[in-house]
Each structure stands twice: as structure tokens, then as C-alpha cells.
Student: 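My questions all concern the structure below.
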Amino acid sequence: MILRFYVLDVSYEVVGREPHILIWAISEDGERIVIRDKNFRPYFYVIPSNEGELSRLLSEVRRLSNVRSPIINAEVVNKRFFGRPIKVIKVTTVIPEAVREYREAIKKLKGVADVVEADIRFSMRYIIDRDLTPCSWFEAEVAEMRKRPSLRVSKEYELVGNVKPLQIHKPPDIRVLAFDIEVYNPRGTPKPERDPVIIISLMNSEGDLNVIKASGNEFRSDAKLISDFINYIHTYDPDVIVGYNSNGFDWPYLLERSKIHGIQLDVGRVVGGVPRTSVYGHISIPGRLNVDLYDLAEEISEVKIKSLDVVAEYLGVMKRIERVLIPWYEIYRYWDDPSRRELLIKYSLDDVKSTKGIADKILPFAMQLSSLTGLPLDQVGAASVGFRLEWYLMRAAFKYNELIPNRVERPYEPYKGAIVLEPVKGVHENIAVLDFTSMYPSIMIKYNIGPDTYVDDECDDQSCHVIPELGYKFRKEPPGFYKSVLETLISMRKSIRDAMRSLNPDSVEYKILDERQKALKILANASYGYMGWVGARWYFRYGAEAVTALGRETISKAIGLARKLGIRVIYGDTDSLFVEYCPKVDEFIKLVMDELGLEIKVDKIYRRVFFTEAKKRYIGLTLNNTVDIVGFEAVRGDWAEIAKEVQESVAYTVLTEGKVTRAIELVNNVVKDLKEGRISLDKLVIWKTITKPLDEYEVSAPHVSAAKRLIELGGKVDVGDKIGYVVVKGSGPISSRAYPYIVVRIEDVDVDYYIDHQIIPAALRILEYFGVTEKQLRTSSKTTKTLFDFGKRG
DNA sequence: AACCAGGCTTC
DNA sequence: GACGTGCCTGGTT
């Protein structure tokens, strides 16, 4: 029979002595199914040192065959390696696990230059070779077989013919389950060996909400909670499970708690298939797609702070002011206090609703990324940008008959990057931020940059591009691997955008295509960083170096053109220019296109923007009167809340009202409040991450000594933990006075430290420019100057 | 003055 | 289970 199905995931199992590919899918009529392909075999390639060795090598390779997993085929085939035609031996065996053994044995043979494509996971090999991308529709000839009882699906089929892609964009109805756990945390960072899970909140595709609570003595027993959770999953049977930082927190935590209770966290579609850590640090659940939305939220560059509430607000899912927000370190207090427990439950529900809402907004994008890269949905979010692009490149290489290079360990070699201009300090009115569109990808295409186009010998500038500063040469023709891939990505994106023009923007079809064009853009934009990444299969340092050199040349020339037109340039970084917004800007944009062959566009307009002398830091007032704070302390996580609040209000006050006096008053009041003990301790906590084992630190930083004190107190500190410390009264270095916030009483706080090293510097960073002195900030005065008295002198 | 460390999230 | 470099800052040595 012919079956149409939507692919969720691909895995494999070895049955007897035969590998079976399992395609997890949803059939056209909505059934959850598995299609078994028994006819796919693992293989890899052997590159000879010279082609004369081929026939000898062929027979030596064949002789290595063993009975456990015989070499069922070895033949000479024509491939390309970095663009050059090459003859290699293709070796095919039976059991995927045997590939490694054969690879090692063959590497040792005389006359073998290298063995490639022996490090590609079997299920990914299948996805590449059959072009069976997840999150896409296919059709195939199948035969229904008796369903194995170990599989929690409704039907099982065996693949008989070939799979054929279908041109259907709309996915079937997928069951998505969002979940969120709350943990009892009376001692800072919760530890699964002592702190129970107290709440699990759930929300499914139908919008049903559920709360599972800890029970028993003091409501701190979570054994039943865990088994209720497992039962819920079996009953609802989700295809996709989403959480926020669930790979980093919820799943590992639940796994540890289950182990303590001796419960098997059997939540998959294979009986006994428990979640386990898999590739890219994601948690894999057999037969279901476990997606951590926090990984995907990292794509949203507009949001600086990637917390659940902020991301949900940005995506229009839930407003922060309309939801319950509880600081994480207070969770246990709400749980212990019967009058506040309901509020905690409400908080947890708001979290799970936000999680589900974020899933609705970004899963469509992730699904497109999955279908483009071939990485299953649960991996595509967890895979770093480099790996996503790499899988796309590997699929492209297969189509071009190019061999996929091995991942090799290389030393890290830094190279020169972009230009950052010295800002013109002060307040500027009416400023346009211009951006080169996809500067680095455009450069890679324009100059045909890549490992296969680099020319080592003589080459004149007729047939080669010669790179400024470096003198490296890249041949103009034919297009290299990177250029071909980038041009394909860009032309695919263009045709999608053309197709979108004839669609209603509210239609499902339009939205799906929009997500696809965004995914294409992201892949293209990752290409330069990927080429300069030492871990990349297609790493090429000369190429990455050439791209930044050409970028520096491009922006310098653009600045020259702006000046020629008499347009004042205020600031610039890599591919952006802040210029005064005047009618000549249009002319400038045209001139850049004509002279440099690259597109530059107005990205943003500020009514007012303020720079100190520092690079990468500014505050801007947008056309709709919101304030952008970039780079300053207010948007960083390692400053005390009180200092961030002060700086944010100062920024807002000077930009919108232009009143320095008001800003000074504001700081005065906070200083006074602090001195008189009216600021709560949690606004004084400074949070910093422990990034390596404590004994590896060469200096005694405050957060490190606070962490050591936490251990003395019987606590546990792991790499990655955030340590919250408060500086207390006394003498000596700060680190000797940094204590974990949980042991500090408000009356022991070194108020002067917070005034001198947090509030004053944060406020002064902005106000210093307006002639405000440290003294004025400490004590009230009667200044009446406004921002504009100072603003025009810059 | 020269260095190291951090810059991000979940509870 | 690292896409790049550049930059700022505080604290220690």
C-alpha cells in the first residue's frame, strides 16, 4: 500500500544481526506510526595516498572482513574532495557499531591517506542519503506488519519501495505538551539529592492545564508526583514535549529524583525507554521529540535577557505585569507559607502557559530549521549554530558528490576581527542606524572565499581576488563550495519571499513560508563564523581572516563615502553606521551600492542617542519613546539590582525629560534609602557564575570566596552555579568580605561598598558626561541644569 | 600596570 | 558538545 506520512524522528535498532531504521511518523489519517526500513547499511570512504594503490588497497580492505559484521561491498567510486575529482574506495558493512573498528583497522593500512565519513551517526546517514528530512511529508510503498508490543504507537509498517518527498508545507495536528517544574530551594541553588520537586505544571495542545503537587509530610514528598507525571504522559501521548531550560534543569532534575525513589521515568514511546542525555547535551526521549525552548530563544537577538517571562512578553505571549513573578530564591518561602502557596501555583501556571505560548510561536520556525538541516526537531534546537549549518553543508556535499571532511582537532589560532569606531560622545538628535545586509555572507559570495578557491601559486588580479592587508588570493571562477551553498540558500529564500507576495499574510501557508525564509537567513549568516571555527569540518582560517579584512575595508570605504557627502558619522561597529538622519542618507545608500556593490539599509532611527567615550555602549530613545540600553550595567547580570535600577532610571530620565537635576535627585534618594536601611537585601545581591572547579581559580574573586564559604556551611557548588553574594562591613579586600547572601543580615551589609562601587559608578557612567560629580550624587544639591545645556557641546 | 574573570538561563 | 572577534569592568596581584 501507498502511505503518506509526516516524519517526526529517525532512529535505529539492531535486530538479530540486522540494522533496522525506524521512521517515527504521523500518517495522513493522524495515526502515530513506525515505518521500519531493513535495507539500509552503513558505509564510509577510504582515500588512498595515490591512485596507483587502489587495487591493492581494495583487496586488503576486503580481507579485513569479519563474520560478526562482514564487509558486504568494497568498490572504487568517483568523488570530489575540496572540489578536486578523486577516486576512493567505498566500504559497506552491516552493523553500524562495526564502522569504528573497520575505520581504525583500515587507517593502519599502508597507502591509506585518510578514512572519511566514518563518523556520521547511522540515523543521520539515512536522513542524508534518502533525503528523508524530519518535519516534512513523504510518500512510500509500505506493508503493514505485526506491531511489536514494545512500541507505544498504533501501527507499524515495513518500507518496501523508495520514499518520495511531497510538496505539502502544512504539518499535521501535532500533540504538544508543555511542562514546568518548581523545586524546593531553601539553600540557594537546589540540589536533587536533598530538595524535592514540589510542583509540575502541564499544558497541552488543547489548552488543558494540570498541576501536580508534592504531598505527604510538609508537602515535600515527590514520589507520587513523579508517577502521576509519567501517567499523564502515557495518557496524553504527546509527540512533542516542550520546556524552558528543560535540558539543563527540569529533565536532569526529574531523572535524579526518580533515581532516588527507584522509579523508572518511563515516558517514551518505547517501553522502558527512559530519557537520556544525547547529542548536543539534549535529553532524548525515545519516540517523542523533547524540545528545550530556551535553546531556540537564543536566536532572538532583540531580547538581551533570555528569561522565560521576558521572552514570553517579547513574543506577545504574556505581559510581565499581568503575571505572577516570584524571585527564584523565594520559591520555598511561598511553598512553606500556606497563605502564599496558591500564588506559587499561579506562578507555575503562568510559567507553563508562557512555555506553551512560546512553543506555539517558535516551533514552526524550529520545524523549518529541522527540515532544512535534517536534524530532528529535538536536536536542532540543542545543536549549536555551527552544527546546524554543518548538517546543512553535509547534505549539500552529498548532493554535490563532495566527500565530507573529518572533524579534526586543531590548535586555536586567533585572527583580527572587525572595526569598532570611537563614538562621538554626547547626546545626538535624530540618528539613523544603517546596517550592511548580511555583510559577511555577501563578502564570501562576492570574493568567492573558501578552502577550495584559495590559490597558493601565482595568480593575477584578472583571475583572482587579492585580499587587502593580507595578500591572500582566491580564484574568481568557478564558484566554490561556500559560494554555491550561500547562493542556493539566498535564491531559495528569494523564491520563498516571491511566493509569499501572492499569499494572504494571515494565512497558515504564509506563516510557514515566513519561518522557512528566516531559517534560510540564519543558516547563511552563520557561514563566516563557522568557517573560522576550529572545530568545523570546513574550517579555513585564511578564509575567515580574508572576510574580516574585506569587512574592514568595506566599512572604511563607506565612512569615506558618507564624509564625501557631508554626512556626519557618530559611531560604527563591524557592519553598522550611526549617522545623522538627513535627506542625503538616501543618496548615501545608493552610492554605497554603486561603489562597493553591497547593500546598506536603515535599520533603526533614534530621536536621541547618547554615547560616553566607551565603545559598544549607548542608550537610545526610539521613535515610539522606548529606551534602548546597550552594553551598560543596567542590562548585565553581574550588578546588584539596585545599581541596575538606578542606572535605568537615570538613563530614562536624561533621555526623555532631559533633566539632570531629576536624575541627581533620584540617585540621592536611593543613597539615602540605602544608608537608612530601606533597601531590601535581595536588591544588594551580586550574582556571578562559577565557570570552573574552585581550585582552578588563580585569583580569589569575591564570588569564588563566597562559593568556598557556601561549601564550609555544608552547601554544594557545581560548575555553572550562580553564586549570590553580599559584601559585608570590615576591612581588607572585597573577596574577604563577600558572603553568600543567605547568611547575611541586612545590618551587616557594607552600605558604603554599595554606594561607592555599585550605585555611584553605575549612575556616574551616564551622568559624568553632564558635569555631575560624585559629590553631587552622594548629597542633595540645587542644580537646575538640563541635559540640553551640556548636550550640544560633544 | 598587568593580569584574570565574567559577560547567559532554569529552580 | 565551542560559529567569529572586540570591548568593558572590577578585583587582585
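Chain letters run A, B, ... following the sequence lines, proteins first, then strands; residues in each count from 1.
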Student: Once you apply a heavy-atom cut-off of 4.0 Å, does V547(A) come out as touching a base, just sugar-phosphate, or nothing?
Tutor: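 Touches nothing.
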
Student: In whole angstrom, what separates R257(A)'s CZ from dT10(B)'s P?
Tutor: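 Computing the R257(A):CZ to dT10(B):P distance gives 22 Å.
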
Student: In whole angstrom, give the distance that lies between atom CD1 of I555(A) and atom P of dT5(C).
Tutor: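 Atom-to-atom, I555(A) to dT5(C), this comes out as 18 Å.
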
Student: Thinking salt bridges, do E193(A) and K191(A) make one under a 4.0 Å N-O criterion?
Tutor: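 Salt bridge absent between E193(A) and K191(A).
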
Student: Could you tell me whether the phosphate oxygens of dG6(B), OP1 or OP2, come under 4.0 Å of any side-chain nitrogen or oxygen in T691(A)?
Tutor: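 Affirmative; the distance criterion is met.
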
Student: With sugar-phosphate meaning primed atoms plus P, OP1 and OP2, does Y412(A) contact a base, only sugar-phosphate, or nothing at under 4.0 Å between heavy atoms?
Tutor: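 Y412(A): backbone/sugar contact only, no base atoms under 4.0 Å.
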
Student: Please work out if Y347(A) contacts a base, only the sugar-phosphate, or nothing of the nucleic acid, heavy-atom cut-off 4.0 Å.
Tutor: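 Y347(A): backbone/sugar contact only, no base atoms under 4.0 Å.
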
Student: How close do I362(A) and A297(A) get, counting heavy atoms only, and between which atoms?
Tutor: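 Result for this residue pair: CD1-N, 4.3 Å.
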
Student: Where along nucleotides 6-13 of chain C does protein come under 4.0 Å, by heavy atom, of base (B) or sugar-phosphate alone (S), with - for untouched nucleotides?
Tutor: BSSSSSSS

Student: Parallel, tilted or perpendicular for F229(A) and W251(A), by the 30°/60° rule?
Tutor: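 Answer is tilted, since the angle falls between 30° and 60°.
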
Student: Hey, what's the ring geometry for F611(A) with F578(A), parallel, tilted or perpendicular (30° and 60° as the breaks)?
Tutor: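 Answer is perpendicular, since the angle exceeds 60°.
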
Student: Using atom CD1 of I199(A) as one end and atom P of dT10(B) as the other, report the distance to the nearest whole Å.
Tutor: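 Nearest whole value for this atom pair: 16 Å.
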
Student: Counting only non-hydrogen atoms, which of residues 389-397 of chain A are less than 4.0 Å from DNA chain C?
Tutor: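 Correct list: empty, so none.
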
Student: Just wondering, are more than 12 heavy atoms of other shown residues or ligands nearer than 6.0 Å to CZ in R100(A)?
Tutor: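 No.
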
Student: Nearest-Å distance, NE2 (H703(A)) to P (dC8(B))?
Tutor: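 Nearest whole value for this atom pair: 12 Å.
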
Student: Contact class for N247(A) (heavy atom, under 4.0 Å): base, sugar-phosphate, or nothing?
Tutor: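 Counting heavy atoms under 4.0 Å across all strands, no contact is made by N247(A).
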
Student: If you measure from the P atom in dC8(B) to the same atom in dT9(C), how many Å do you get, rounded?
Tutor: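 Between the two P atoms, the distance is 15 Å.
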
Student: Identify all side-chain donor-acceptor contacts of residues 726-736 of chain A below 3.5 Å with residues at least two apart in sequence or on another chain.
Tutor:
| unit_1 | atom_1 | unit_2 | atom_2 | d |
| --- | --- | --- | --- | --- |
| K729(A) | NZ | E747(A) | O | 2.7 |
| S735(A) | OG | S700(A) | O | 3.2 |
| S736(A) | OG | P733(A) | O | 2.7 |

Student: Is Y697(A) touching bases, backbone alone, or none of the nucleic acid, heavy atoms closer than 4.0 Å?
Tutor: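 Result for Y697(A) = sugar-phosphate.
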
Student: Name all stems that contain residues of DNA chain B, defined as runs of 3 or more consecutive Watson-Crick or G-U wobble pairs, both distances under 3.5 Å.
Tutor: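 Correct response: B:1-7 with C:7-13.
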
Student: Roughly, in whole Å, what's the span from CG in D250(A) to C1' in dT10(B)?
Tutor: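 Taking atom C1' of dT10(B) as the reference, CG of D250(A) is at 7 Å.
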
Student: What is the separation between atom CG on D638(A) and atom C1' on dC4(B), rounded to the nearest whole Å?
Tutor: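 Going from D638(A) (CG) to dC4(B) (C1'), I get 14 Å.
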
Student: Using a strict threshold of under 4.0 Å (side-chain N to carboxylate O), is an ion pair present between D573(A) and K615(A)?
Tutor: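 Salt bridge flag = no for D573(A) with K615(A).
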
Student: Going by ring pair (Phe, Tyr, Trp, His ring centres under 6.0 Å), name the residues that satisfy it together with F219(A), two or more places apart in sequence or in a different chain.
Tutor: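 Not a single residue meets the ring pair (Phe, Tyr, Trp, His ring centres under 6.0 Å) criterion with F219(A).
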
Student: Base, sugar-phosphate or nothing for T612(A)? Non-hydrogen atoms, less than 4.0 Å.
Tutor: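 T612(A): no heavy atom of the nucleic acid under 4.0 Å.
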
Student: Using the side-chain heavy atoms of S307(A), tell me which of these nucleotides is nearest: dG7(B), dT10(B), dA2(C).
Tutor: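 For S307(A), the side-chain atoms sit closest to dT10(B).
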
Student: Applying salt bridge (Lys or Arg N to Asp or Glu O under 4.0 Å), can you list everything that pairs with R333(A), at least two apart in sequence or on another chain?
Tutor: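 Applying salt bridge (Lys or Arg N to Asp or Glu O under 4.0 Å) to R333(A) gives E330(A).
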
Student: Tell me whether the side-chain N/O atoms of Y244(A) come closer than 4.0 Å to OP1 or OP2 in dC8(B).
Tutor: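 Looking at the OP1 and OP2 atoms of dC8(B), neither is under 4.0 Å from any side-chain N or O of Y244(A).
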
Student: In whole angstrom, give me the gap between the C1' atoms of dG7(B) and dG6(C).
Tutor: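 My reading of the C1' atoms in dG7(B) and dG6(C) gives 13 Å.
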
Student: Would you kindly give the CD-to-C1' distance between E696(A) and dG6(B), to the nearest whole Å?
Tutor: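 Spelled out: CD on E696(A) to C1' on dG6(B) is 16 Å.
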
Student: Any Lys/Arg nitrogen of R737(A) or D750(A) sitting under 4.0 Å from an Asp/Glu carboxylate oxygen of the other?
Tutor: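 Yes, R737(A) and D750(A) are salt-bridged.
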
Student: So, does Q758(A) use its side chain to make a donor-acceptor pair with the main chain of A643(A) at under 3.5 Å?
Tutor: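 Checked: no pair found.
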
Student: Just compare dT9(B), dA5(B), dC3(C) and give me whichever is closest to any side-chain atom of T689(A).
Tutor: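 Taking heavy atoms from C-beta onward, the closest nucleotide is dT9(B).
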
Student: Scan G529(A) against the nucleic acid and name what it touches under 4.0 Å (heavy atoms): base, sugar-phosphate only, or nothing.
Tutor: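 The residue G529(A) makes base contact.
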
Student: Please determine whether a side-chain nitrogen of the Lys or Arg among R220(A) and D336(A) lies less than 4.0 Å from a carboxylate oxygen of the Asp or Glu.
Tutor: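 D336(A) and R220(A): salt-bridged.
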
Student: Does K692(A) reach a base, just sugar-phosphate, or nothing at all? Heavy atoms under 4.0 Å.
Tutor: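 Sugar-phosphate only.
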
Student: Sub-3.5 Å donor-acceptor pair from the side chain of R709(A) to the main-chain atoms of A738(A), do we have one?
Tutor: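 A pair under 3.5 Å: yes.
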
Student: Take the protein atom CE of M439(A) and the nucleotide atom P of dT5(C), then report the distance between them rounded to whole Å.
Tutor: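 So the CE-P distance, M439(A) to dT5(C), works out to 17 Å.
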
